[in-house]
Each structure stands twice: as structure tokens, then as C-alpha cells.
Asker: 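I am attaching a structure below and will ask some questions about it afterwards.
Everything numeric in this text was worked out from a predicted model, so none of it was measured. Naming: A, B, ... by sequence-line order, numbering from 1 per chain.
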Protein chains: 2
Amino acid sequence: MAQYFSKLDGTFQALADPTRRAVLGRLGKGPASIGELAAPFDMALPSFMKHIHHLEKTGWIRTRKTGRVRTCTLERKSFDVIETWLAEQRSIWEGRTDRLERFVTTIHDKEASE
Amino acid sequence: MAQYFSKLDGTFQALADPTRRAVLGRLGKGPASIGELAAPFDMALPSFMKHIHHLEKTGWIRTRKTGRVRTCTLERKSFDVIETWLAEQRSIWEGRTDRLERFVTTIHDKEASE
DNA sequence: GTGTAACTTAGCCAAATGGCTCAGTATTTC
DNA sequence: GAAATACTGAGCCATTTGGCTAAGTTACAC
């Protein structure tokens, strides 16, 4: 039983906050600057930045600074991490592993064709 | 944008800990007592109990005490909460809502036939 | 009816989280 | 080149988290 640190810890932790989930939702529509992303929130910018850092550190987004503007983009692969875990769990209680295998294969095919 | 408390906060928070994920994994194979669940962990029982309480409060498990033994069972519906959120996110960046609608319908059908 | 097993309650503690302000840096814009 | 814009860094603070121990409580076994 994996007791040591897992990437899943951070991946799920990131989703446990409504601000961060909202940011991911917004980024699903396309890249955005820090200012744009922060606008809807009644929160000081440094506080908001902590969420951005968290999302970046846990692999949910990538950011890049051009001039004085930092642009954030969604890292879609993180969703696969979760879907894989979900499929794994379901396969446990369905008492079979074929579903998981089929799922992982599907993901792999999608990425190969990107 | 839903800024107030969401059930998702707790749902994801519960998954952010390896002990709790392991418990869910074990419960996927069938119900178990607190003692059974705690056995693999090098942790005092009261500490472990906090994780159980957390999982119960966030709807991931149900527990019932019979005699001096408390038995825990997996609450499978919680997985659907996450799958729905995932489908919602994917539908955002795929720029359409039909996928989500299809998924929600599927879930509904499954539950109706249980 | 005493002892043991299986939790449970209470409360302590260090570290992490999620907010804040205030001051700083680096680009643009005028 | 002075001012405004868009972050960024440092550091404070309250609350939450996730561990602990020590002392109950409640059933079951003998």
C-alpha cells in the first residue's frame, strides 16, 4: 500500500478549493492573464497568486511571462491522472481490471494522436 | 461563478490524503471494520479515526456500529460527483455541452436501474 | 463479574493553508 | 523620464490538518 507521497495528493488538493476550481473552469475556455483570472474574485492579488502557484506546482496549469503579463494555460493531462484513478477504483469494486486497461489504452491512443 | 461552499470542496479534500485514498481502495473490495481498515497503517487509532470521520462527513463512506465493532462501507455515488465535475470541465474546453448531458443521463439511468 | 477487545473522547502540538498588507520590480504608456 | 500597470516578495495572522497520548466507554469472552 503506497504510504509515501503521491502526485495524487497535490492533484486532488488543488481541486479542494473553489477558487482554484473556478480558475480551471475559466482556463478551459482558453489561456488568460493573471489579472483576467483574478478579476472575478474579491481577493487581494498576492492571495490569488498563491492559488496560481499551487495550480502550477501541482501540474494543473502552465504559465509564461511575456513583458509584464503572465499568461496561464490549462494542462489538460492532469485530468487524465484523475480519470485513471477513478477507473482504477471502479475496477476494484467491479472486481475486474479490464475496464482500467481499456481506459488507459484509450488515453494513450488519444495522446499519441495529439 | 459559485464562490460559496461547495460539496466538491470536501469531496476532493478527502482524496488529497493517501491514507484516505487507501481506505477507499480497500473498501472497494467490500465492507470492513475500523480495526481491519486501520491495520495496514503505522498510526495511532484516534488519528486513523479522524480519517474515517472525514470520509464519512464528506459522503465517501457510511458506517454502522454493531456491538463493539463499527463497519464501514463505500458510498459509490461519490465517484459520480467527481465524474460529473470532470465531464463538466472537459465539456467546457471541448466547447460543447452535449458530452456532459450525455454523461449525466447515463448516470441517471444507472441509478434508476439499481 | 473481571478482563480484554474495539473503539471513542478529550485535548495537545507542529506544520500547512489561505487570507491579509505593505513594499518592491519590471514594463508600458504618455 | 514620470506615472501607471501588472505582477512579485516578504512576512504576519487565524484556522485547519493530521499526527500524538492518556483516559474513557461499551460489548464480548471466560
Side-chain angles (χ1 to χ4, degrees), chain A residues 1-27 31-73, chain B residues 1-27 31-73:
Chain A
M1 218 143 283
Q3 202 116 344
Y4 18 91
F5 175 80
S6 158
K7 189 183 179 180
L8 284 171
D9 289 20
T11 304
F12 281 122
Q13 181 64 41
L15 299 182
D17 183 279
T19 302
R20 290 191 295 259
R21 284 198 308 277
V23 166
L24 294 183
R26 165 62 190 79
L27 288 179
S33 70
I34 300 285
E36 263 180 273
L37 289 172
F41 301 98
D42 186 19
M43 189 185 292
L45 199 56
S47 310
F48 183 78
M49 283 301 294
K50 285 194 184 176
H51 290 299
I52 296 294
H53 290 320
H54 193 171
L55 287 171
E56 190 170 18
K57 211 174 49 186
T58 55
W60 278 102
I61 65 173
R62 249 177 308 161
T63 80
R64 179 165 183 191
K65 195 155 189 178
T66 308
R68 63 185 169 180
V69 177
R70 180 172 297 275
T71 304
C72 306
T73 53
Chain B
M1 216 145 281
Q3 200 117 342
Y4 20 91
F5 175 80
S6 158
K7 189 183 179 177
L8 284 170
D9 290 19
T11 304
F12 282 122
Q13 181 65 41
L15 299 182
D17 183 279
T19 301
R20 290 191 294 259
R21 283 198 309 276
V23 166
L24 294 184
R26 166 60 190 80
L27 287 180
S33 70
I34 300 285
E36 265 180 90
L37 289 172
F41 301 99
D42 187 18
M43 188 185 293
L45 198 56
S47 310
F48 183 77
M49 282 301 293
K50 286 196 185 178
H51 290 299
I52 296 294
H53 290 320
H54 195 309
L55 287 171
E56 191 170 15
K57 212 173 50 188
T58 55
W60 278 103
I61 64 173
R62 249 178 308 162
T63 79
R64 180 166 181 189
K65 195 155 188 177
T66 308
R68 62 186 170 181
V69 177
R70 182 173 295 277
T71 305
C72 306
T73 53

Asker: How long is the line joining CE of B/M43 and C1' of C/dC7, in whole Å?
Answerer: 16 Å
Asker: Rounding to an integer number of Å, can you tell me how far B/F48 CZ sits from D/dT17 C1'?
Answerer: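 Result: 16 Å.
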Asker: Could you walk me through whether A/R20 and A/Q13 pass side-chain contact (heavy atoms from CB on, under 4.5 Å), step by step?
Answerer: CA-CA 10 Å; A/R20 290 191 295 259; A/Q13 181 64 41; 4.2 Å; yes
Asker: How long is the straight-line distance from CG of B/L24 back to NE2 of B/H51, given to the nearest 0.5 Å?
Answerer: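 Result: 12.0 Å between the selected atoms.
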Asker: Side-chain N or O of B/S47 versus OP1/OP2 of D/dC20: is the shortest distance under 4.0 Å?
Answerer: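 For D/dC20, OP1/OP2 do have a side-chain N/O of B/S47 under 4.0 Å.
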Asker: If you measure from CG on A/L55 to NZ on A/K57, what distance do you get to the nearest 0.5 Å?
Answerer: 10.5 Å
Asker: CD of A/E56 to OG1 of A/T73: how many Å apart, nearest 0.5 Å?
Answerer: 9.0 Å
Asker: Need to verify one output field. Residue with the more 5' nearest nucleotide on DNA chain C, A/Q13 or A/T66?
Answerer: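 That would be A/Q13.
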Asker: Is any side-chain heavy atom of B/T63 closer than 4.5 Å to a side-chain heavy atom of B/I34?
Answerer: no
Asker: Which whole-number value in Å describes the distance from A/I52 CD1 to C/dG19 P?
Answerer: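 Rounding to the nearest Å, CD1 of A/I52 and P of C/dG19 are 12 Å apart.
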Asker: Write down the distance between NE2 (B/H51) and P (C/dC7), rounded to a whole number of angstrom.
Answerer: 16 Å
Asker: Between A/R21 and B/F12, is the side-chain contact (heavy atoms from CB on, under 4.5 Å) condition met? List the steps.
Answerer: CA-CA 11 Å; A/R21 284 198 308 277; B/F12 282 122; 3.9 Å; yes
Asker: Which whole-number value in Å describes the distance from A/D42 CG to C/dG19 P?
Answerer: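 Distance check: A/D42 CG to C/dG19 P gives 11 Å.
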Asker: Between protein and nucleotides 5-11 of chain D, map the contacts as a letter string: B base, S sugar-phosphate only, - none, heavy atoms under 4.0 Å, written 5' to 3'.
Answerer: BSBBB-B
Asker: Return the minimal non-hydrogen interatomic distance between A/I52 and A/L37, and the atom names on each side.
Answerer: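 Shortest heavy-atom separation between A/I52 and A/L37 comes out as CD1-CD1, 4.1 Å.
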Asker: Quick check for you: to the nearest 0.5 Å, what is the distance between A/R62 atom CZ and A/T71 atom OG1?
Answerer: 12.5 Å
Asker: Which distance, rounded to the nearest 0.5 Å, do you find between the CD of A/E36 and the CG of A/L27?
Answerer: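 These two atoms lie 9.5 Å from each other.
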Asker: Write down the distance between NE2 (B/H54) and P (D/dG19), rounded to a whole number of angstrom.
Answerer: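 One finds 11 Å between P of D/dG19 and NE2 of B/H54, rounded.
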Asker: Provide, to the nearest angstrom, the distance between the CZ atom belonging to A/R20 and the P atom belonging to C/dT17.
Answerer: 8 Å
Asker: Quick one, which residues of residues 55-64 of chain A touch DNA chain C with a heavy atom under 4.0 Å?
Answerer: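 Nucleic-acid contacts, sorted: none.
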